[in-house]
Protein chains: 2
Amino acid sequence: MRIGDVAERAGVSTRALRYYEEQGLLPAERTSSGQRVYDEAAVERVQLIQQLYAAGLASRLIVDLLPCVDAGVASDEAMALLTRERDRITDSIAELEKARAQLDRVIEISLNPDAEHCPALRTGAERPLERVGATS
Amino acid sequence: MRIGDVAERAGVSTRALRYYEEQGLLPAERTSSGQRVYDEAAVERVQLIQQLYAAGLASRLIVDLLPCVDAGVASDEAMALLTRERDRITDSIAELEKARAQLDRVIEISLNPDAEHCPALRTGAERPLERVGATS
DNA sequence: CTTGCCCTTGACGTCAACGTGAGGTTCTAG
DNA sequence: CTAGAACCTCACGTTGACGTCAAGGGCAAG
């Protein structure tokens, strides 16, 4: 496969693939004329890289960790990295869930503007219902 | 409160607070000499901003959404934004969980190198207690 | 009054993951 | 054989959320 094929199948730009190679994330064979040649596994690898990027891992870190992911084995140092990043991801998920809850709260109140958790509707009014949930 | 107090209590830099004001995220009163003055709610607001940042919302978007969060009411356009971002966050969480699963897999295999999901240990040998590499 | 800390407004620096030409080469279809 | 699509290597531009340095102003204590 050439770079355009991989790009299309993995859903990234050719520029990204060249960047990955530059960073040592995605080695490529070359034809005699210098064009990059990839095997089928490249597509999957690109998707893995994207996943780790999305998880907030810097490319430098991915460079260190990809061999472990490939081999399924990690040195002590790599293990420390792995667990640290795993925990960081867990924390990130918690943060995202909190943020989503904030948005959900606004969505919910806005769709349901009769509730008492809406201070904008309670300015000087009495409570139309009994308590629904926890106090704010 | 002055800017340094808010920064310390919210766990951000004073530079960040000035940046938030510049972006219209965190208005501040001024003393006659021009120094910024914040009320108690500023700390909580900063933490909310940080949460939305962590969730991947751009500051421009937060500027649009904060009034809704404050008022608990959203226009149709804002509702579209809210639900779109909520869904995007949900997708992000799923991506993070996939990435974490990848790391967990490596951690698990590396801690438990006798399993059959480890291709590096099955390349022509069945030596579960032998270490990989350095075939001396 | 001076010391010292906190504050002010610029304005340039940073870092990552690419985007975007420029200018040239190679592959493929007709 | 020729056009044009796809590829190559530089190399500078972009974006966001600040960091950081510079040059000065404000204010309570000693």
Side-chain angles (χ1 to χ4, degrees), chain A residues 1-39 42-43 45-66 85 88-89 92 95-96 99, chain B residues 1-39 42-43 45-66 85 88-89 92 95-96 99:
Chain A
M1 277 198 298
R2 293 192 304 172
I3 195 171
D5 305 321
V6 179
E8 187 180 3
R9 287 169 53 177
V12 301
S13 67
T14 59
R15 177 67 177 93
L17 297 181
R18 295 197 189 97
Y19 175 75
Y20 295 165
E21 187 186 33
E22 186 183 319
Q23 300 299 308
L25 288 171
L26 184 67
E29 303 296 316
R30 297 298 184 112
T31 67
S32 57
S33 65
Q35 299 206 349
R36 291 172 180 82
V37 176
Y38 300 87
D39 54 13
V43 175
R45 192 177 187 85
V46 169
Q47 287 164 349
L48 172 59
I49 293 171
Q50 290 272 307
Q51 231 168 63
L52 296 179
Y53 272 142
L57 279 76
S59 58
R60 183 58 193 278
L61 213 55
I62 302 181
V63 170
D64 295 344
L65 293 184
L66 267 187
E85 290 306 313
R88 203 187 47 69
I89 291 174
S92 294
E95 284 299 304
L96 284 182
Chain B
M1 277 197 299
R2 293 192 302 173
I3 195 171
D5 304 321
V6 179
E8 187 181 4
R9 287 171 54 179
V12 301
S13 67
T14 59
R15 177 69 178 92
L17 297 181
R18 294 196 188 97
Y19 176 75
Y20 295 166
E21 187 185 34
E22 186 182 320
Q23 299 300 308
L25 288 170
L26 184 66
E29 302 296 314
R30 297 300 182 110
T31 67
S32 57
S33 65
Q35 300 204 350
R36 290 173 181 82
V37 176
Y38 300 87
D39 54 13
V43 175
R45 191 178 189 84
V46 168
Q47 287 163 348
L48 172 59
I49 293 171
Q50 290 272 306
Q51 232 168 61
L52 296 178
Y53 272 140
L57 279 75
S59 58
R60 182 58 194 277
L61 214 55
I62 302 181
V63 170
D64 294 344
L65 292 184
L66 267 187
E85 290 305 314
R88 203 187 45 68
I89 292 174
S92 294
E95 285 299 305
L96 285 181

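Keep in mind that this is a model prediction, so the values were computed, not measured. Order of the sequence lines fixes the chain letters, A, B, ..., with proteins taken first and strands second; residue numbering starts at 1 for each chain.
- Within residues 47-63 of chain B, no residue has any heavy atom under 4.0 Å from DNA chain C.
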May I have the list of side-chain donor-acceptor pairs in residues 49-58 of chain A shorter than 3.5 Å, sequence neighbours left out?
from: A:Q50; atom 1: NE2; to: A:Y20; atom 2: OH; distance (Å): 2.5

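- Residues satisfying the side-chain contact (heavy atoms from CB on, under 4.5 Å) criterion with A:E21, sequence neighbours excluded, are A:A28, A:R30, A:R36.
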Begin with the C-alpha distance, continue with both residues' side-chain angles, and end with the deciding distance and a verdict on side chain to side chain contact (heavy atoms under 4.5 Å, CB included) for A:E29 and A:D39. CA-CA 9 Å; A:E29 303 296 316; A:D39 54 13; over 6 Å; no
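- For B:R88, the salt bridge (charged side-chain N to carboxylate O under 4.0 Å, His left out) partners at least two apart in sequence or on another chain are B:E85.
- In this structure, B:R15 has no side chain to side chain donor-acceptor pair (under 3.5 Å) partners at least two apart in sequence or on a different chain.
- Counting heavy atoms from C-beta on, the side chains of B:L48 and B:I62 never come closer than 4.5 Å.
- On the nucleic acid side, DNA chain C contacts chain B at distances under 4.0 Å to non-hydrogen atoms, with the end points of that region at C:dC6 to C:dA11.
- With rounding to the nearest 0.5 angstrom, the CZ atom of B:R45 is 6.5 Å from the CG atom of B:L26.
- Remark: A:T31 engages A:S33, A:Q35, A:V37 in a side-chain contact (heavy atoms from CB on, under 4.5 Å) (not counting sequence neighbours).
- Take the nearest nucleotide of DNA chain C for B:R2 and for A:S32: the residue whose nucleotide is more 5' is B:R2.
- Scored by the side-chain contact (heavy atoms from CB on, under 4.5 Å) test, A:Q47 finds A:V43 as partners (sequence neighbours excluded).
- A heavy atom lying under 4.0 Å from DNA chain D marks the following residues of residues 7-24 of chain B, by number: B:S13, B:R15, B:A16, B:Y19, B:Y20.
- For D:dT9, one of the phosphate oxygens OP1 or OP2 lies less than 4.0 angstrom from a side-chain nitrogen or oxygen of A:R36.
- Qualifying side chain to side chain donor-acceptor pair (under 3.5 Å) partners for B:R9, counting only residues two or more places apart in sequence or in other chains: B:E40.
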